[in-house]
There are 2 protein chains.
Amino acid sequence: MDYSDFDLETFLPFRLNRAAEFIALRFAATYKAEYGLTRPEWRTLAALGSSGRMTATAVGTHSTMHKTKVSRAVFALEERRWLKRTQDEDDRRVEHLELTAAGQNAYRELTRLAGDYSAELTDLLGSEGLRALASGLDAVEKAMVRRRR
Amino acid sequence: MDYSDFDLETFLPFRLNRAAEFIALRFAATYKAEYGLTRPEWRTLAALGSSGRMTATAVGTHSTMHKTKVSRAVFALEERRWLKRTQDEDDRRVEHLELTAAGQNAYRELTRLAGDYSAELTDLLGSEGLRALASGLDAVEKAMVRRRR
DNA sequence: CGAATATGGTTTCAAACGTAACTGTCGATT
DNA sequence: AATCGACAGTTACGTTTGAAACCATATTCG
């Protein structure tokens, strides 16, 4: 009953999606189980941890998240005292976000786990497969920039 | 303020996720806008369209979807008269799913669009990038099988 | 100046989601 | 044939989501 030559199994969006789910979920399980973090929260933490003080909008562009996700993540992290906000002097719409000492500790711990997972991935995919994947992702990212989201 | 050498921008789960979102969302926009389909619905349609009559569980494994997603998608497609169920004679737990004529038409139309999009992707990523990505995905899929989800 | 428009961030609302509990059926064991 | 565990599929429930409306402030331009 094959009404055409289409096959989901070879359709790039499908494959990419499934692969991403597989790879990301394994790590998500870690930060969720160990720290009760959601993905937006982890990403926000990561963005602030590696780039330091920045605004919510900047976090959003940096980690490609919708503003509402960022807003909620910031709120959650703030509640947990891992992050503090300060209003911009000149523009009172803007708020600057920064990790607290506790936030920095969590960030360090999590990046350690992220490192472990990266190693595990190298192992899981093989250096050959990893290289291919990385260069494929380069291509996608170039295309993303060209198409400006 | 870089408390470590971690960089989200190079972290595979993040990159993969973002790429998948980018690639998949562009196509999702099509079937959503044109047909009001959700992703589970499109996947179910695609599975049944290319492999013909099968059970809900089979759709799930074929397209890696949770049973509840399949259940809801089947319900929606049935309501739209794109799909019909028939109970198995021997095992009354099992139901066989099949596209109606209307469903097959929709499937044909959508696979045409999927084909267009694939071509667009080749264009967007370049044959080199596409090849790399595909072989990277091969590696991931091998790993998935090894780790059995 | 004052009106219109843009921007940073939040809130609301309906849809989609996953987990877990559920229903109904089957096969195996006794 | 009564009981048990396994399985197909659904439902209920609380959570997460994105779109759009919103609030407050800033900027542009008539």
Side-chain angles (χ1 to χ4, degrees), chain A residues 17-18 20-22 24-26 28-29 31-33 35-44 47-48 53-79 83-98 149, chain B residues 17-18 20-22 24-26 28-29 31-33 35-45 47-48 53-80 83-98 149:
Chain A
N17 228 334
R18 186 176 52 181
E21 221 163 276
F22 175 72
L25 229 59
R26 290 171 66 77
Y31 58 66
K32 198 175 165 195
Y35 294 92
L37 286 177
T38 65
R39 183 150 63 205
E41 282 159 30
W42 148 245
R43 282 193 184 176
T44 303
L48 290 173
R53 179 187 171 90
M54 64 202 298
T55 77
T57 321
V59 171
T61 39
H62 188 80
S63 54
T64 7
M65 287 194 297
H66 189 86
K67 35 187 327 212
T68 63
K69 277 190 186 173
V70 177
S71 173
R72 287 159 183 152
V74 166
F75 179 77
L77 291 176
E78 187 185 28
E79 247 194 340
L83 167 158
K84 68 175 189 308
R85 341 184 180 208
T86 44
Q87 267 207 346
D88 186 280
E89 294 289 310
D90 303 331
D91 186 340
R92 283 190 301 172
R93 290 170 305 182
V94 177
E95 52 193 26
H96 300 279
L97 308 172
E98 210 167 354
R149 279 243 112 211
Chain B
N17 228 333
R18 185 175 54 183
E21 221 164 275
F22 175 72
L25 230 59
R26 291 170 65 79
Y31 59 66
K32 197 175 164 192
Y35 295 90
L37 287 176
T38 66
R39 182 150 65 206
E41 283 159 30
W42 148 244
R43 282 193 184 176
T44 302
L45 186 74
L48 290 173
R53 178 190 172 90
M54 65 202 296
T55 78
T57 320
V59 171
T61 38
H62 188 80
S63 54
T64 7
M65 286 194 299
H66 190 87
K67 0 145 55 179
T68 61
K69 276 189 184 174
V70 176
S71 174
R72 285 158 183 153
V74 166
F75 179 78
L77 291 176
E78 188 185 27
E79 246 193 340
R80 196 186 279 241
L83 169 158
K84 68 176 189 309
R85 340 185 181 208
T86 44
Q87 267 209 346
D88 185 280
E89 293 289 313
D90 304 330
D91 187 339
R92 282 189 302 171
R93 291 170 304 183
V94 176
E95 54 194 24
H96 299 280
L97 309 171
E98 211 167 354
R149 282 241 109 212

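Computed over heavy atoms, backbone and side chain alike; hydrogens, waters and symmetry mates excluded.
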Once you round it to whole Å, what is the distance between [atom2] of [N] and [atom1] of [X]?
X: A:K67; N: C:dT10; atom1: NZ; atom2: P; answer: 10 Å
X: A:L25; N: C:dC17; atom1: CG; atom2: P; answer: 14 Å
X: A:E41; N: D:dT15; atom1: CD; atom2: P; answer: 14 Å
X: B:H66; N: D:dG9; atom1: NE2; atom2: C1'; answer: 11 Å
X: B:F75; N: C:dA16; atom1: CZ; atom2: C1'; answer: 15 Å
X: A:K69; N: D:dT16; atom1: NZ; atom2: P; answer: 12 Å
X: A:D90; N: D:dT27; atom1: CG; atom2: C1'; answer: 14 Å
X: B:H62; N: D:dA8; atom1: NE2; atom2: C1'; answer: 19 Å

**No-H, no-angle donor-acceptor pair, A:R72 side chain to C:dG9 base, under 3.5 Å** =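 Per atom types, no contact qualifies.
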
**Asked** In terms of the nearest nucleotide of DNA chain C, which residue is placed more toward the 5' end: A:K32 or A:A58?
**Response**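 Nearer the 5' end of the strand: A:A58.
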
**Message:** On DNA chain C, does the nearest nucleotide to A:V94 precede the nearest nucleotide to B:D91 from the 5' side, or the other way round? Give the residue.
**Reply:**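 Closer to the 5' end of DNA chain C: A:V94.
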
**Request:** Establish, with yes or no, whether the OP1 or OP2 oxygen of C:dA16 is under 4.0 angstrom from a side-chain nitrogen or oxygen of B:T38.
**Result:**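 For B:T38, the contact criterion (side-chain N or O under 4.0 Å from OP1 or OP2 of C:dA16) is not met.
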
Would you indicate what [X] reaches in the nucleic acid, counting non-hydrogen atoms under 4.0 angstrom: base, sugar-phosphate, or nothing?
X: B:D88; answer: nothing
X: A:T68; answer: base
X: A:R85; answer: sugar-phosphate

**Any donor-acceptor N/O pair, B:S63 side chain to B:V59 backbone, under 3.5 Å** =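 Looks like yes, one N/O pair under 3.5 Å.
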
**Message:** Taking B:G60's backbone N and O only, do any of them form a donor-acceptor pair with B:T64's side chain (distance below 3.5 Å, no angle check)?
**Reply:**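 Side chain of B:T64 to backbone of B:G60: no pair is present.
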
**Request:** Using distance alone, with no hydrogens and no angle criterion, decide if B:E41 and B:T44 have a side-chain donor and acceptor under 3.5 Å apart.
**Result:**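 Side chains of B:E41 and B:T44: no pair found under 3.5 Å.
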
**Request:** Name the residue closer to the 5' end of DNA chain D, choosing between B:R93 and A:R92 according to the nucleotide with the nearest heavy atom.
**Result:**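 In this pair, the answer is B:R93.
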
**Prompt:** Quick one: do A:E78 and A:R85 make a salt bridge, cutoff under 4.0 Å?
**Reply:**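 Counted as a salt bridge, because a side-chain N and a carboxylate O are separated by less than 4.0 Å.
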
**Asked** Mind checking what makes salt bridge (charged side-chain N to carboxylate O under 4.0 Å, His left out) contact with B:R80, not counting sequence neighbours?
**Response**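 Partners of B:R80 under the salt bridge (charged side-chain N to carboxylate O under 4.0 Å, His left out) test: none.
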
